[in-house]
Amino acid sequence: MAEINKSYEAGEVEKRWYAAWLEKNAFSARVELGRESYSIVIPPPNVTGVLTMGHVLNNTLQDILVRRARLEGKSALWIPGTDHAGIATQTVVERELRKEKKTRHDLGREKFLAKVWAWREEKGGIILEQLRRLGASCDWDRTQFTMDPAYSRAVLTVFVDLYRKGRIYRGKRMVNWCPGSLTALSDEEVDMRPVKGLLYRVRYELVDEPGAYIEVKTTRPETIPGDVAVAVHPDDPRYQAWVGRKVRRPLGPAADLPIIADAAVDREFGSGALKITPAHDRVDFEIGQRHGLVPVDVLNPDGTMNDFAGPVLAGLERFAARKKAAQLLKDSGALVAEEAYENNVGYSERAGVPIEPRLAWQWWLRYPRVDEAKAAVSEGHIRFFPERWTKVYLHWLDHIQDWCISRQLWWGHRIPVWYRAGLDREKLTEADLGDPEKVHVSIDGPRDKTGWVQEDDVLDTWASSWIWPLATLGWPDELAMARAGFEYFYPTTTLVTGPDIIFFWVARMIMAGLEFARPGEPLMNCIPFKNVYFTGIIRDAQGRKMSKSLGNSPDPLDLIAKYGADGLRFGIVSIAPQGQDIRFQEDRIESGKNFCNKLWNAARFRQMSGPMADNATLVAIYDRLRPQDFDGDDHAILDRLLATTRDLDRCFADFEFSAAVQAIYGFFWNDFCDWYVEVSKTKLQSPALRDNCLAIQDLVLRQTLLMLHPFIPFITEELWHLLGYGPAGQFIEDARLSNASQVTAVGTSHGLVLNTDAAAEVGRVKQTVSLLRALKAESGEAASKQSVLVVEAADRQWDAIESNLPMLKRMLGAAGITRGPLTPHAPAVVTAHGTWNLIPQQRGDPAAEKSRLARELEALAKHVAGTQARLANEAFVSKAPPAVLEGARKQLAELQAKHAEVSRLLAALG
RNA sequence: GGACGCUUAGCUCAGUUGGUUAGAGCACCUGCUUCACACGCAGGGGGUCACUGGUUCGAGUCCAGUAGCGUCCACCA
């Protein structure tokens, strides 16, 4: 066994072990009947993506789950991959083209796509390399891309199937049009932002009564040329007589617009009259439909005004047109006023520009299995952590709208629909769509494609990633499914993702799973995952979302270089409580690194303390324990080890990762290193006690490494081997992590029954040590100074001291501890183990000593009074449970005794 | 307009079913190169648990309301 170096070199160790894991295929998961399966699909990052702190958190958690599952003996699979990310990727490549002053149209569809693929080959998927640096134990041989041939086929299979079921249809409806990326978007891709602007009051003159006007308020005067009516509420008394009459359009091509009545109009807003522009507003469109009005579209797809806006506005960009329109209205006297106004405007999530409601032919999906998707979650087949997201999920499903799945992009899955050449696609009827001679829908297209033209649009990226858990396991190809282990691994166990994509992805995956996984089978067999863990969002120190544009996101690779992958992992998990957003603080990552260093040095201490023995199994270590030689500290540390093991089991059951990390941290650092290792130092001097003590250290270290391994895989693997805890040629994950009851069972079979009373006594000894150390510190004696201590103790107390004498001398830094009468004026402290004197080397400060004791007495008196008052309360005595009552009485007795003793000391000072 | 979350030490946050004097990390102060670790050890200071009421013998914890911050949903031009 190699000697453990003084400091832990993360970089070298991480590189070495990751290579070893890959070489031995440690992450490849096989179907092993009789063994429980555990599976996770990665939320596929964009192929353009680079690792962010969000990815670090998300993927660390997945890795923790998968590695823990392996240690529990499950066949654990983590499927990696990337998403083609339609708009994002196309934008990246178009940006490169722009440097050459070209657009995609200069290349044409085919050449442009070749360029995107070339880009993807060269630069795509960097993020998967970065995940390896983090230690992600994905089964890399199964890496998938949403545009892989097999995956694409699965996507098209779904389209054709849903089309044949009548769930996918083509329709001309209002869409969210992005003038930046020139495509339609789904409702989920639109962000509402409050925008400060102007509200224009415009008057429309009555045709049959010149000089009389109806006034409307609008934020968009440039759309007036697209007005086809003015609407009022049918019950509005002010306008009863106006309905049916006509007004002149105050801007753009001259026209007489009817005044109509519609209940959608809000009487309270402005004058109670609304201009109707069906081509550019959803509500207007609906009102227009109800009244048989023909929309007038005054905008081009790129957001400039077209000829229907009239010669003055035509060609202007929409916001320039707004200013111009206002000016024109002002000139003609139609503009009554401009008021400052703030309203909500929809923005394209990707392009960051205001979207335009626009009438366009698109492909739509009527979601399948909506009711089942609700039931799957509300009936608990799928559990959300934290649970509160179920409400958000159910609410969305309750108000679900058809999904616009077509995008006017080139990068993506091209919709598998072919039209007979020469057909005018703007004028296709229902009948045309149903006529196989005119429109063909299939995965591979018509056998002879001459005379057919394929649909230009591609599918929304989410319309491919919604089948991720299915297609990554080979669906729908039966051979591929058998090879991938679909039967064994589906449904997957847990999904780890952010709540921001609960609609985009989580809900849709559930519906897709229910529709396609195992038709006809019960819900629980069809769901894509059993648990969904929603992480928090990582924010910067100011609470802002981390983003590339703000430049407030640290580069995880820099952090890995600085603190090690393990340090980063430990740190990020420790600050990520369930479901709360996280404020990133680098010092927490640093403390992750410090923990690794502590672990490393504790292992080093073990190695330096004595020869290593058989540590290959829990049983082998227990064979070396000598329960008859156990002292209180031995009992206490194993008791705490068991409690921590139990805590961890619970944390994993409840997805409480940061609590898990904190539990091990506290146990290992405080209970083991600060106390047990320190008291070991005297035991190790004694030949009779040494071997038992080393065995206990091995037991604690081995179990701790196993518990920690999912969180910090590299250093634990390294120490596992350096300490010889597993056979050479095997990894730590080839060992099994025993849970608390298993550990207890092994102990019992070895005649070990933990004495919890002894463990509790250790708590009191720690308290006494702490008080005496404080006494030294306050008396100005260095902790390392070999002090002289005298204790006035009852026999029972002295017995406890005497039996721990060497240990106490070491822990207290005492040259001698003797029993005897107190020395007046020497610093003193009252403990559970008698009243102690620190014999000062030089004359102390009686005044300081006096005031110290007086302060303590005051605090005790207050506490005594409080407890007495509680016990004097009749209601408390009669209603509190006996255990609480007894605790209070015992406490009072102890406090009173201590109070009396401190009073005595004070009196002795005079 | 609706829903959800948050408010605890200087900072960032824990606090499971109500029960001794509310905890951690960092920061701060004091002492210490004690033979695993200065990425460390020992000790210390620091909080009216946002506010108001209620339930209870007992509330950081349960209930109602208020305020501030945040997130999501929603067609008021």
Side-chain angles (χ1 to χ4, degrees), chain A residues 4 6-8 174 192 199 216-220 231 264-266 268-270 273-277 281-286 341 343-344 357 386 388-389 391-392 395-396 399 499-500 502-503 537 539 541 543 563 567 571 574-575 577 579-588 590-591 593-609 650 654 656 658-659 662 665-666 673-674 677-678 681 769-770 773-778 780-786 810-811 813 859 862-863 866-867 870 873-881 883-885 887-888 890-892 895:
Chain A
I4 299 178
K6 183 160 178 182
S7 66
Y8 173 58
M174 288 305 268
M192 297 307 283
L199 189 58
V216 304
K217 286 192 178 189
T218 178
T219 55
R220 305 200 56 190
V265 178
D266 179 0
E268 307 299 317
F269 191 88
L274 174 64
K275 78 187 197 67
I276 301 299
T277 323
D281 186 279
R282 264 177 207 235
V283 178
D284 290 10
F285 177 72
E286 283 163 22
Y341 191 67
N343 67 333
N344 287 326
R388 63 187 153 87
W389 293 110
K391 200 168 170 181
V392 175
H395 182 261
W396 184 74
H399 297 92
D500 49 333
I502 191 165
F503 311 136
I537 291 164
R539 301 175 176 280
Y563 306 108
S574 76
I575 54 175
Q580 279 325 116
D581 284 1
I582 298 131
R583 283 200 194 205
F584 178 76
Q585 278 179 292
E586 193 166 323
D587 57 24
R588 297 298 289 262
E590 188 179 354
S591 94
K593 181 192 176 178
N594 294 348
F595 181 78
C596 291
N597 187 60
K598 191 74 180 175
L599 180 64
W600 183 261
N601 277 288
R604 186 162 166 259
F605 175 77
R606 164 63 191 93
Q607 198 185 50
M608 292 164 72
S609 298
R650 189 192 58 77
D654 296 343
E656 299 206 350
S658 67
Q662 280 158 25
Y665 185 100
C673 292
D674 289 348
V677 166
E678 290 306 317
K681 288 174 182 173
V769 166
S770 206
R773 282 169 169 172
L775 183 70
K776 280 180 76 167
E778 282 168 27
E781 277 203 12
S784 56
K785 168 127 190 173
Q786 293 300 296
R810 169 178 277 275
M811 298 302 273
K862 238 166 144 179
H863 200 176
T867 313
R870 221 147 60 91
N873 184 344
E874 186 56 42
F876 174 68
V877 176
S878 61
K879 290 187 181 171
V884 173
L885 197 58
K890 200 171 155 198
Q891 185 198 350
L892 180 62
L895 286 168

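Excluded from the calculations below are hydrogen atoms, water molecules and symmetry mates; all remaining heavy atoms, backbone and side chain alike, are included. Every chain is numbered from 1 and lettered A, B, ... according to where its sequence line falls, protein lines coming before strand lines.
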Q: Round to a whole Å and report the spacing from CE of Met174(A) to C1' of rA77(B).
A: 13 Å
Q. What is the distance from OH of Tyr665(A) to C1' of rC37(B), rounded to the nearest Å?
A. 13 Å
Q.
Mind checking if Asn343(A) touches a base, just sugar-phosphate, or nothing, with heavy atoms under 4.0 Å?
A. sugar-phosphate
(Q) Need one value for Asp674(A): base, sugar-phosphate or nothing, where a base atom within 4.0 Å counts as base even if backbone is also close, heavy atoms only. (A) sugar-phosphate
Q: May I ask you to say what Arg388(A) touches in the nucleic acid, namely base, sugar-phosphate or nothing, with a heavy-atom cut-off under 4.0 Å?
A: sugar-phosphate
Q: Scan Glu678(A) against the nucleic acid and name what it touches under 4.0 Å (heavy atoms): base, sugar-phosphate only, or nothing.
A: base
(Q) Which nucleotide, if any, forms a Watson-Crick or G-U wobble pair with rC28(B), using both distances under 3.5 Å? (A) rG44(B)
Q | Whole-angstrom distance between rU7(B) and rU33(B), as gauged at atom P | A | 43 Å
Q) With a non-hydrogen cut-off below 4.0 angstrom, is Cys673(A) in contact with a base, only sugar-phosphate, or nothing? A) base
Q) Considering only side-chain heavy atoms of Asn597(A), which listed nucleotide, rC41(B), rC57(B), rC39(B), is closest? A) rC39(B)
**Q.** Assigned partner base of rG65(B), Watson-Crick or wobble definition, under 3.5 Å
**A.** rC51(B)
(Q) Closest approach to the side chain of Met608(A), judged atom by atom: which nucleotide of rA36(B), rC57(B), rC76(B) is it? (A) rA36(B)
Q | Axial cation check for Phe605(A) ring with Lys681(A), 6.0 Å and 45° limits | A | yes
Q: State whether Arg583(A) places a side-chain N or O below 4.0 Å from either non-bridging phosphate oxygen (OP1 or OP2) of rC13(B).
A: yes
Q. Lys391(A) side chain N/O closer than 4.0 Å to the phosphate oxygens (OP1, OP2) of rA3(B)?
A. no
Q) With sugar-phosphate meaning primed atoms plus P, OP1 and OP2, does Val877(A) contact a base, only sugar-phosphate, or nothing at under 4.0 Å between heavy atoms? A) nothing
**Q.** Close side-chain approach of Asn601(A) to Arg604(A), heavy-atom, < 4.5 Å
**A.** yes
Q: Would you please confirm or rule out a distance under 4.0 Å between OP1 or OP2 of rC37(B) and any side-chain N or O of Lys681(A)?
A: no
(Q) Counting only side-chain heavy atoms from C-beta out, which of rC37(B), rA77(B), rG25(B) sits nearest to Asn601(A)? (A) rC37(B)
Q) Counting side-chain heavy atoms from CB outward, which of rU20(B), rC57(B), rA77(B) is closest to Val265(A)? A) rA77(B)
Check the interface with nucleotides 44-46 of chain B: list each N/O to N/O pair with the protein under 3.5 Å, or write none.
none

Q.
Looking only at the side chain of Tyr341(A) (C-beta and beyond, no hydrogens), which of the listed nucleotides rG25(B), rA77(B), rA36(B) gets closest?
A. rA77(B)
(Q) Are Tyr8(A) and Leu599(A) packed together at the side-chain level, in the sense that at least one heavy-atom pair is separated by less than 4.5 angstrom? (A) no
Q: Check whether the side chain of Lys598(A) and the base of rC37(B) form a donor-acceptor pair under 3.5 Å.
A: yes
Q) Heavy atoms under 4.0 Å, any strand shown: does Leu895(A) hit a base, just sugar-phosphate, or nothing? A) base
Q: Report which part of the nucleic acid Phe503(A) touches: base, sugar-phosphate, or nothing (heavy-atom distance under 4.0 Å, all strands).
A: sugar-phosphate
Q: Just compare rC26(B), rA77(B), rA36(B) and give me whichever is closest to any side-chain atom of Thr218(A).
A: rA77(B)
Q) Side-chain N or O of Tyr8(A) less than 4.0 angstrom from OP1 or OP2 on rC37(B)? A) no
Q) Nearest to the side chain of Asn344(A), which nucleotide is it out of rC72(B), rG25(B), rA74(B)? A) rA74(B)
**Q.** Check: Met811(A) main-chain N/O paired with Arg773(A) side-chain donor or acceptor under 3.5 Å
**A.** yes
Q. Counting only distance, no hydrogens or angles, is the base of rA27(B) paired donor-acceptor with the side chain of Gln585(A) under 3.5 Å?
A. no
Q.
Looking only at the side chain of Pro881(A) (C-beta and beyond, no hydrogens), which of the listed nucleotides rC72(B), rG19(B), rC37(B) gets closest?
A. rG19(B)
Q) Should Asp284(A) and Leu274(A) count as side-chain neighbours, where that means a heavy-atom distance under 4.5 Å? A) yes
Q: Check every strand shown and say whether Asp266(A) touches a base, only sugar-phosphate, or nothing at a heavy-atom separation below 4.0 Å.
A: base
Q | Val283(A) side chain, from C-beta outward: closest of rC75(B), rG43(B), rA36(B) | A | rC75(B)
**Q.** Spacing of the C1' atoms in rG45(B) and rG2(B) (rounded, Å)
**A.** 47 Å
(Q) Whole angstroms only, please: what is the CD1-P distance between Ile502(A) and rC72(B)? (A) 13 Å
Q.
Which is more 5' along RNA chain B, the nucleotide nearest Ser591(A) or the one nearest Arg810(A)? Just name the residue.
A. Ser591(A)
Q) To the side chain of His395(A), which of rC73(B), rA42(B), rC57(B) is closest? A) rC73(B)
